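The structure displayed is predicted, hence computed values, not measured ones. Note: hydrogens, waters and symmetry copies are ignored here, and every other heavy atom, side chains too, is used. Remember, it's 1-based here, ligands and their atoms both numbered in the order they're listed.
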Amino acid sequence: LLADQLRVDLDEVEEDIIDWLERQAVRCYHGCRTDDAGTYFRQGLRVHRREEQEAAVRQLVESDARLRWMLPGLADTFAKFPSTTDEHRCFVVLDDRALLDRAAHYLIYGSEWICAVLGRGSRGPLLERGVPTMIEVDLPLMWTSFGQREALASLLLREWTRQVAQRPRQVLVVDFTFTMHHDLPPEVVTGHYHPTEMEDPLEGSSLYRPPGDSCLHCRADVG
Ligand SMILES: [Zn+2]
């Protein structure tokens with residue numbers, strides 16, 4: 001009976017947190033490779049649009065002598081790589097540490113789809129453009145689904161319990177992604193930074209150190 005009562009009480013606490021979360025914004029992160037984080041401050045975070053991704057690959061292949069051999073077969077190559085799981089979606093994560101630890105390929109190579117289309121033998125040129133960038137987004141949780149807020153409330157409650165019970169040295173590293181179905185406007189893009197080392201999950205977790213740690217936006221700020 002006591003256990004049942006405790007569960008009811010905890011459910012109520014969780015429901016209160018879910019309601020409270022709907023009125024909050026949460027700091028999230030989006031990993032990318034860009035030469036100008038300013039595009040995110042001006043355009044926001046845009047959902048995956050297949051035609052834009054194809055145009056970006058075409059432009060890259062046309063402008064790089066090492067890739068030009070791909071040009072005649074490009075339409076066939078595109079057909080082999082559907083992007084239905086990405087189309088009209090964008091992704092932000094709760095914990096940038098998890099992104100750097102486990103999925104840094106978004107920062108090292110940029111678009112996962114473009115990286116896949118080029119293939120292992122031809123993705124090298126992606127490393128010569130832009131720098132790994134973490135875009136900071138303050139995501140209003142009213143834009144997320146009830147299910148996502150429910151999962152976040154459950155996570156917060158569990159982590160709070162762990163903090164109280166075990167007093168660990170740091171906050172749990174969590175793999176938690178918000179899948180968004182619309183563009184996020186520039187108003188919610190609040191900052192960015194450039195990590196200086198990360199493990200490359202596509203190259204056996206070898207250490208990757210980017211050649212630079214600033215973008216056009218950083219350099220414009222400096223003056
Ligand atoms: Zn920058």
Heavy-atom pair with the smallest gap, counting every atom of A37 and C215: N-SG, 3.4 Å
4.5 Å side-chain heavy-atom contact, L184 and V92: yes
Aromatic plane relationship, Y40 with H30 - under 30° parallel, 30 to 60° tilted, over 60° perpendicular: tilted
Test item: side-chain donor near acceptor, S214 and R219, under 3.5 Å: yes
Angle subtended at the Zn ion (ligand 1) by SG of C218 and SG of C215, nearest 10°: 120°
The Zn ion (ligand 1) to nearest N/O/S of H192 less than 2.8 Å: yes
H194: its N/O/S atom lying closest to the Zn ion (ligand 1) (atom name): NE2
